[in-house]
Amino acid sequence: RAALLASDAEVYVIGIDNVKWLVALLKELPPGHRLFDLLCIDELSRFKSPRSKLATKHLNKIIDRFRIRWGLTGTPRPNDYIDQFRPLQLLTANGLFAPRSFDSWRRKHFLSDYQGFNWTIRPESETKIIKKIASVTFTIDPADLPQRDTPNIIPVWVDLPPDAMKVYKEM
């Protein structure tokens, strides 16, 4: 992995399970190194847990070194706005969400039940959060996507070598 990362490539892809290894390697590089040009995190919602060791303990150590940060997800807030704190904190410089502590931010913008297990957004906070994240998010409304009544199927026939065709027929 280290040799591949040292090679001259346009894009490097790493799985979420190797973030700890990657952070350890990147911590040794000088600021401004070419690997700090752009960080793109796919499935950003996997970083939603504010107590996630992956996000807080490892990635936060070097996150400010990246010049550009992108996050991709199909489920930006699977449960509530509370799920957006950690992903957007990772992607924004200088704390889009203040205060920087999750617990302080949650107390500021959400109300809890008497036991502190269930949280609901304060009415005045929803508008504030939407305005704040509008500068760093892009959302596609499903109504804006092209609609198809039936799938567009394009058959492509391939002649398989005899050994592959035998395996295919057995399957």
Side-chain angles (χ1 to χ4, degrees), residues 1-93 95-97 102 117 119 129-130 133-171:
R1 288 186 298 220
L4 289 171
L5 203 55
S7 68
D8 189 25
E10 293 283 326
V11 175
Y12 302 90
V13 178
I14 190 162
I16 197 168
D17 297 334
N18 290 316
V19 168
K20 181 179 178 181
W21 168 85
L22 178 65
V23 168
L25 188 136
L26 293 178
K27 277 178 26 182
E28 302 304 317
L29 298 177
H33 190 278
R34 65 182 175 81
L35 292 178
F36 293 118
D37 186 40
L38 168 71
L39 172 67
C40 181
I41 303 172
D42 193 14
E43 296 300 334
L44 183 64
S45 59
R46 290 185 69 185
F47 289 84
K48 74 179 184 176
S49 172
R51 311 229 188 304
S52 167
K53 292 184 179 185
L54 184 64
T56 56
K57 185 177 179 187
H58 302 298
L59 198 51
N60 272 342
K61 292 178 182 177
I62 61 163
I63 198 75
D64 289 335
R65 290 177 160 196
F66 288 96
R67 195 171 61 83
I68 301 169
R69 300 177 226 166
W70 291 346
L72 310 173
T73 183
T75 54
R77 60 180 187 109
N79 297 313
D80 202 342
Y81 287 99
I82 256 176
D83 290 342
Q84 293 184 331
F85 178 82
R86 179 62 66 210
L88 289 171
Q89 190 183 46
L90 284 172
L91 297 179
T92 58
L96 175 68
F97 291 114
F102 170 73
F117 291 113
W119 294 81
I129 291 173
I130 290 170
I133 67 174
S135 66
V136 295
T137 59
F138 177 75
T139 303
I140 299 174
D141 188 328
D144 294 338
L145 296 173
Q147 301 298 312
R148 295 189 184 269
D149 294 331
T150 57
N152 186 15
I153 299 173
I154 302 171
V156 177
W157 298 99
V158 177
D159 292 324
L160 295 175
D163 291 346
M165 183 55 107
K166 181 180 176 192
V167 172
Y168 174 77
K169 285 183 178 181
E170 287 174 8
M171 182 178 66

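Note that these values count all heavy atoms, side chains included, but never hydrogens, waters or copies made by symmetry.
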Original post:
Does a sphere of radius 6.0 Å around CD in Glu10 hold more than 12 heavy atoms from other residues, nucleotides or ligands, not counting ones at 6.0 Å or beyond?
Top reply: no

**OP:** Only one of Thr73, Ile41, Ile16 passes side-chain contact (heavy atoms from CB on, under 4.5 Å) with Arg46; say which it is.
**Re:** Ile16

**OP:** Measure across Leu5 and Leu25 and return the closest heavy-atom pair with its distance rounded to 0.1 Å.
**Re:** CD2-CD2, 3.4 Å

Original post:
Does Asn18 offer a backbone N or O that forms a donor-acceptor pair with the side chain of Arg1 under 3.5 Å?
Top reply: no

Original post:
Between Trp70 and Ile68, does a side chain to side chain contact (heavy atoms under 4.5 Å, CB included) hold up when you go through it step by step?
Top reply: CA-CA 7 Å; Trp70 291 346; Ile68 301 169; 3.5 Å; yes

Original post:
Can you find a pair of side-chain heavy atoms, one from Ile62 and one from Leu29, that are under 4.5 Å apart?
Top reply: no

Subject >> Any side-chain heavy-atom pair of Met165 and Pro162 under 4.5 Å >> reply: no

Original post:
Could you state the interatomic distance from CG (Leu44) to CG (Asp83), rounded to the nearest 0.5 Å?
Top reply: 11.0 Å

Subject >> Least distance between heavy atoms, Pro30 atom then Phe36 atom >> reply: O-CE1, 3.7 Å

Subject >> Steps toward side chain to side chain contact (heavy atoms under 4.5 Å, CB included) verdict (Val167, Leu160) >> reply: CA-CA 10 Å; Val167 172; Leu160 295 175; over 6 Å; no

Original post:
Leu90 versus Arg69: any side-chain heavy-atom pair under 4.5 Å?
Top reply: no

**OP:** For Tyr12 and Ser7, indicate whether the former's side chain and the latter's backbone hold a donor-acceptor pair under 3.5 Å.
**Re:** yes

**OP:** Would you check if Arg86 and Asn60 make a side-chain contact, meaning some heavy-atom pair closer than 4.5 Å?
**Re:** yes

Original post:
In terms of heavy-atom contacts, does CH2 of Trp21 have more than 12 from other residues, nucleotides or ligands at under 6.0 Å?
Top reply: yes

**OP:** Please round to the nearest 0.5 Å and tell me the distance separating atom CD1 of Ile129 and atom CD of Gln84.
**Re:** 7.5 Å

Original post:
Side chains of Leu39 and Ile63: does their closest heavy-atom pair fall under 4.5 Å?
Top reply: yes

